[in-house]
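To find a chain, count down the sequence lines: A is the first, B the second, and so on, and within it residues start at 1. Because the structure is a prediction, the values reported are computed rather than measured.
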Number of protein chains: 2
Amino acid sequence: MHLSQEGIESVSSKDLAGLLGVNPWQIRKDFSYFGDFGTPGVGYKLTHLIRRINKILHLDIGHKAALVGVGNLGSAMLAFPGFRTYGFEITAAFDVDRRKIGRRKAGVLVEDIARLTNLDARDICLGIIAVPEGASQAVADRLVGAGVRAILNFSPRYITVPKRVKVITIDIAMDLARLPYYMSAG
Amino acid sequence: MHLSQEGIESVSSKDLAGLLGVNPWQIRKDFSYFGDFGTPGVGYKLTHLIRRINKILHLDIGHKAALVGVGNLGSAMLAFPGFRTYGFEITAAFDVDRRKIGRRKAGVLVEDIARLTNLDARDICLGIIAVPEGASQAVADRLVGAGVRAILNFSPRYITVPKRVKVITIDIAMDLARLPYYMSAG
DNA sequence: GTTTGTGAATAGTTTCACAGCA
DNA sequence: TGCTGTGAAACTATTCACAAAC
């Protein structure tokens with residue numbers, strides 16, 4: 001992605017592998033499942049590759065997201081520029097805290113969580129849960145009721161949703177907890 | 001983990017499976033690799049299970065971590081209570097911004113990144129990278145030089161380190177980017 | 001009756017090696 | 001010569017089924 005800014009037009013599977021920390025044949029095998037074709041002897045043309053991958057992952061159209069929980073982590077999400085890279089935009093934010101409701105954070109109005117309904121009417125298909133601990137299931141239920149089709153969950157709890165809704169959970173503490181196992185003696 | 005607060009003493013593989021969203025036999029198989037034993041007809045005793053898992057993952061001793069990058073995400077990390085659950089504590093924070101250096105965030109003094117050396121002398125074995133974009137590799141190099149043995153990397157870049165150092169990268173934007181693929185028509 | 005622990009069967013992933021194209 | 005795309009081999013993980021334990 002950064003490569004295109006450096007005037008590079010083509011990358012080989014070896015280049016990509018080095019950049020991503022995997023083996024070249026993994027790259028080629030993965031691409032081959034989608035019939036993606038590069039040029040033997042040259043590599044993959046960057047513009048073509050990016051367009052193709054965006055299409056496969058459905059990133060070719062923009063997506064609007066609603067954030068629930070404007071605490072430390074939620075605020076970081078609102079300010080995070082990385083979402084734009086893949087065509088995402090947080091266009092709504094919700095919280096329970098009266099002191100936050102009505103104010104703006106990173107240009108987005110913080111609304112009362114009671115108003116978290118009919119997100120589909122606002123063209124929002126995606127929910128981000130950044131509330132602390134136990135509230136996550138209730139928030140997930142509200143998001144599903146409001147019509148989102150996918151949820152990014154930052155709370156350290158497994159949440160249950162209808163199977164038409166896709167959930168990805170990022171449990172930061174648990175990810176960190178995997179590290180000590182690999183650290184030799186200490 | 002929350003279960004112990006509810007007075008529950010034993011869990012079956014079925015209970016755990018429901019709680020984690022996986023199959024019961026997956027739980028049993030995974031435990032069996034470590035020769036962990038529950039009681040047939042009853043289940044797994046919670047206190048024993050937690051102690052055993054903490055031992056296996058080396059979470060039975062506390063770990064000190066250094067945070068690099070006290071921006072939005074970094075501040076969220078400092079305030080995040082979840083690390084304590086697994087025995088982690090952020091005891092040092094570093095930034096390049098003169099306005100932040102010398103101040104305290106969530107009780108932790110923000111130091112000049114130039115002072116990021118000899119972390120091992122301060123009993124810190126773990127680095128958390130929360131800097132924006134391109135600075136991540138340079139920060140990783142500094143952390144390795146200062147003696148950390150593992151890194152939690154929040155920047156969307158693959159970083160290269162000696163193989164004795166374990167890295168886990170959490171690319172929030174890319175995790176989010178996986179969702180649209182699963183959302184039907186939109 | 002209930003639940004664990006595990007061998008065997010099944011499914012999936014990673015790795016390799018090489019034919020074919022630029 | 002350099003690199004892709006893919007069939008086959010090796011490996012790993014998941015699922016099942018059931019004997020032994022409570």
Side-chain angles (χ1 to χ4, degrees), chain A residues 1-4 6-57 158 160 163 166-169 171 174-175 177-178 181-182, chain B residues 1-4 6-57 158 160 163 166-169 171 174-175 177-178 181-182:
Chain A
M1 301 287 173
H2 331 272
L3 295 175
S4 49
E6 292 165 28
I8 292 158
E9 289 192 351
S10 283
V11 276
S12 66
S13 55
K14 194 153 140 272
D15 297 337
L16 281 172
L19 234 35
L20 297 171
V22 296
N23 320 66
W25 51 80
Q26 227 166 81
I27 300 273
R28 295 206 299 276
K29 181 60 105 179
D30 287 357
F31 284 177
S32 81
Y33 286 122
F34 295 98
D36 220 298
F37 39 83
T39 317
V42 181
Y44 302 90
K45 202 186 165 202
L46 257 186
T47 54
H48 179 251
L49 190 59
I50 290 169
R51 200 169 27 233
R52 195 80 177 71
I53 290 175
N54 281 346
K55 192 103 181 180
I56 291 166
L57 297 177
Y158 173 73
T160 308
K163 63 178 174 301
K166 173 74 179 176
V167 176
I168 286 184
T169 296
D171 186 338
M174 196 162 279
D175 286 328
R178 287 161 49 199
Y181 177 75
Y182 298 98
Chain B
M1 299 288 174
H2 333 269
L3 295 176
S4 48
E6 295 167 26
I8 292 158
E9 290 192 348
S10 284
V11 277
S12 66
S13 55
K14 196 154 138 272
D15 297 336
L16 282 171
L19 234 35
L20 297 171
V22 296
N23 320 66
W25 52 77
Q26 225 166 83
I27 300 275
R28 295 206 298 275
K29 180 62 104 181
D30 287 357
F31 284 177
S32 81
Y33 286 121
F34 294 98
D36 219 299
F37 38 82
T39 318
V42 181
Y44 302 90
K45 203 188 163 199
L46 258 184
T47 54
H48 180 252
L49 190 60
I50 291 169
R51 199 168 30 233
R52 196 81 178 67
I53 291 175
N54 280 346
K55 193 101 180 181
I56 291 166
L57 297 177
Y158 174 75
T160 307
K163 62 179 173 301
K166 172 75 179 176
V167 177
I168 287 185
T169 295
D171 186 339
M174 195 162 279
D175 286 328
R178 286 162 51 201
Y181 177 75
Y182 297 99

**OP:** Find which nucleotide of DNA chain C each of Asp30(A) and Gly38(B) is nearest to by heavy atoms, and output the residue with the more 5' nucleotide.
**Re:**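 Per heavy-atom nearest nucleotide, the more 5' residue is Gly38(B).
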Original post:
At under 4.0 Å between heavy atoms, what does Phe34(B) touch on the DNA or RNA strands: base, sugar-phosphate, or nothing?
Top reply: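 Since no nucleic acid heavy atom lies under 4.0 Å of Phe34(B), the category is nothing.
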Let me know the distance between [atom1] of [X] and [atom2] of [N], rounded to the nearest Å.
| X | N | atom1 | atom2 | result |
| --- | --- | --- | --- | --- |
| Lys29(A) | dC3(D) | NZ | P | 20 Å |
| Lys45(A) | dT4(D) | NZ | C1' | 17 Å |
| Leu16(B) | dT3(C) | CG | P | 12 Å |
| Trp25(B) | dC18(D) | CH2 | C1' | 14 Å |
| Phe37(A) | dT4(D) | CZ | C1' | 12 Å |
| Tyr33(B) | dA13(D) | OH | C1' | 7 Å |
| Gln26(A) | dA10(D) | CD | P | 19 Å |
| Asp36(A) | dT6(D) | CG | P | 11 Å |

How many angstroms lie between atom [atom1] of [X] and atom [atom2] of [Y], to the nearest 0.5 angstrom?
| X | Y | atom1 | atom2 | result |
| --- | --- | --- | --- | --- |
| Met174(A) | Ile168(B) | CE | CD1 | 12.0 Å |
| Asn23(B) | Lys14(B) | CG | NZ | 13.0 Å |
| Leu16(A) | Ser12(A) | CG | OG | 7.0 Å |
| Leu57(B) | Tyr182(A) | CG | OH | 9.5 Å |

Original post:
Do Phe31(B) and Arg28(B) touch side chain to side chain, with heavy atoms closer than 4.5 Å?
Top reply: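 Contact flag for Phe31(B)/Arg28(B) side chains = no.
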Subject >> Net bend of the helix from dG1(C)-dC22(D) to dA22(C)-dT1(D), end axes of five pairs each, nearest 10 degrees >> reply: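 Comparing the axis at each end, I get an angle of 10°.
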Under 4.0 Å between a side-chain N or O of [X] and OP1 or OP2 of [N]?
| X | N | result |
| --- | --- | --- |
| Thr39(B) | dT4(C) | no |
| Asn23(B) | dT14(D) | no |
| Tyr44(A) | dG5(D) | yes |

Original post:
Pick from Leu20(B), Asp15(B), Leu19(B): which one makes a side chain to side chain contact (heavy atoms under 4.5 Å, CB included) with Ile27(B)?
Top reply: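 That would be Leu20(B).
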Subject >> Among dT14(C), dG5(C), dG5(D), the one nearest Arg28(B) by side-chain distance >> reply: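 Selected nucleotide (nearest to the side chain): dG5(C).
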Subject >> Among dC16(D), dA21(D), dC3(D), the one nearest Pro40(B) by side-chain distance >> reply: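 The closest nucleotide is dA21(D).
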Original post:
Between the main-chain N or O of Phe34(B) and the side-chain N or O of Arg52(B), is there a donor-acceptor pair closer than 3.5 Å?
Top reply: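 Yes; at least one donor-acceptor contact below 3.5 Å.
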